[in-house]
Amino acid sequence: MAALEPPGSEQELYTRAQGLAGATLGELAAQLGQRAPADLRRAKGFTGHLVEQLLGAAASSRAEPDFPALGVELKTLPVGPSGRPVESTFVCTIDLSAMDRFSYEDCWLRRKLARVLWIPVEGSREIPVPARRLGAPLLWSPSSEEEAVLRADWEELAGLIARGGAELLHGRLGRALQVRPKAAGSWSRRRALDGDGVSYLALPRGFYLRASFTAQLVCRSYALPTR
DNA sequence: GATTGATCATAC
DNA sequence: GTATGATCAATC
């Protein structure tokens, strides 16, 4: 199958995504001449890469939205039997040496979350990967309430990093956002600045959206009760 | 059962 | 090694 052209509009992108709803990962992989893996332990990015190809996203190797012309970021969202997300969602890596140089207004996280196409995917481990189905797509931008929570979390976490250094971070901080390791292993290191501006090597970290936050945005957007 | 810290594949 | 795409699995 030839590489799909990027969609020309948000509407076209959404229509394409609607066309995938209900299909299984096995069926969709076969359309591309690929096979779905038996499990995701050694293929954690499988679903994301598959959906990128099916929707005509640019190759995933650059620091910009998946659909640069549209300013839309694509995210698959693993959900349980009730449609509730079962995992947190990775947003972006954190530059531990430059948090003092950005405000929320121009940070990478805000730009990435300004417009997101969520693709729910059955994520229960009991369902074999090839049998997992895609759900109805959701084109989302943060509500004013959601944006306020994201801003408050970002400012708290970024401020902590800028003032005290990465070693103060842990996954319990933040209501919607959290900071967790984002690395090949616990031995990974990146340059960071401590509270006194002294350079040192720290475990790479990234911003993640808590499952509780994505659960609420899904309920709001599909007009479902919060529980 | 939910959550946090650790980890995997691939492209460049 | 750094970026992309995320889920695994030990622990609370």
* To do: Mark yes when over 12 heavy atoms from residues, nucleotides or ligands other than A:R175 sit less than 6.0 Å from its CZ; otherwise mark no.
  =>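 No, not enclosed.
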* **Residue mapping more 5' on DNA chain B - nearest nucleotide basis, A:G45 or A:R210** =>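 Result: A:R210.
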* To do: Map A:L173 and A:S186 onto DNA chain B by nearest heavy atom, then report which one ends up closer to the 5' terminus.
  =>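 That would be A:L173.
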To the nearest Å, give me how far apart [atom1] ([X]) and [atom2] ([N]) are.
X: A:Q53; N: C:dG5; atom1: CD; atom2: C1'; value: 11 Å
X: A:R172; N: B:dG5; atom1: CZ; atom2: P; value: 5 Å
X: A:D39; N: B:dT7; atom1: CG; atom2: P; value: 18 Å
X: A:H170; N: C:dC12; atom1: NE2; atom2: C1'; value: 14 Å
X: A:R189; N: B:dG5; atom1: CZ; atom2: P; value: 14 Å
X: A:W187; N: B:dG5; atom1: CH2; atom2: C1'; value: 16 Å
X: A:L77; N: C:dA6; atom1: CG; atom2: C1'; value: 12 Å
X: A:R42; N: C:dA9; atom1: CZ; atom2: P; value: 9 Å

Using a heavy-atom cut-off of 4.0 Å across all strands, would you classify [X] as base, sugar-phosphate, or nothing?
X: A:A183; result: base
X: A:R180; result: base
X: A:E73; result: sugar-phosphate
X: A:P204; result: nothing
X: A:T89; result: nothing
X: A:G48; result: sugar-phosphate
X: A:R205; result: nothing

* So which nucleotide from C:dA9, C:dT4, C:dA6 ends up closest to the side chain of A:K44? ->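 The nucleotide sitting nearest to the side chain is C:dA6.
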* **Proximal nucleotide (of B:dT4, C:dT4, C:dG5) relative to the A:T93 side chain** =>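 Of the options given, the side chain of A:T93 lies nearest C:dT4.
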* Any donor-acceptor N or O pair under 3.5 Å, side chains A:T15, A:Q11 ->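 Checked: A:T15/A:Q11 side chains pair up, N/O donor to acceptor below 3.5 Å.
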* Asked: Hey, does the side chain of A:T76 come within less than 4.0 Å of C:dA6's phosphate (OP1/OP2), counting only N and O?
  ->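 The answer is yes; a side-chain N or O of A:T76 sits under 4.0 Å from OP1 or OP2.
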* Asked: B:dT3 phosphate, OP1 or OP2: any side-chain N/O from A:Q178 under 4.0 angstrom?
  ->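 No, because none of the side-chain N or O atoms of A:Q178 sits under 4.0 Å from OP1 or OP2 of B:dT3.
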* **Residues forming a side chain to side chain contact (heavy atoms under 4.5 Å, CB included) with A:A202, sequence neighbours excluded** =>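 Side chain to side chain contact (heavy atoms under 4.5 Å, CB included) check on A:A202 returns A:L96, A:A166, A:E167, A:A192, A:Y200.
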* **Evaluation steps, side chain to side chain donor-acceptor pair (under 3.5 Å), between A:E73 and A:W140** => CA-CA 10 Å; A:E73 177 73 14; A:W140 171 84; over 6 Å; no
* Report the residue (A:E64 or A:E87) whose heavy-atom-nearest nucleotide on DNA chain C is the more 5′ of the two. =>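 Its nucleotide being nearer the 5' end, the pick is A:E64.
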* Using modelled atom types only, decide if a donor and an acceptor are shared between the side chain of A:D106 and the backbone of A:S103 within a distance under 3.5 Å. =>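 Here the side-chain-to-backbone pair exists.
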* Geometric cation-pi criterion, A:R180 with A:Y208: 6.0 Å, 45° ->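 Yes, A:R180 and A:Y208 form such a contact.
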* Any N or O donor-acceptor pair linking the side chain of A:K182 to the base of C:dG5 at under 3.5 Å? ->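 Yes, a donor-acceptor pair under 3.5 Å.
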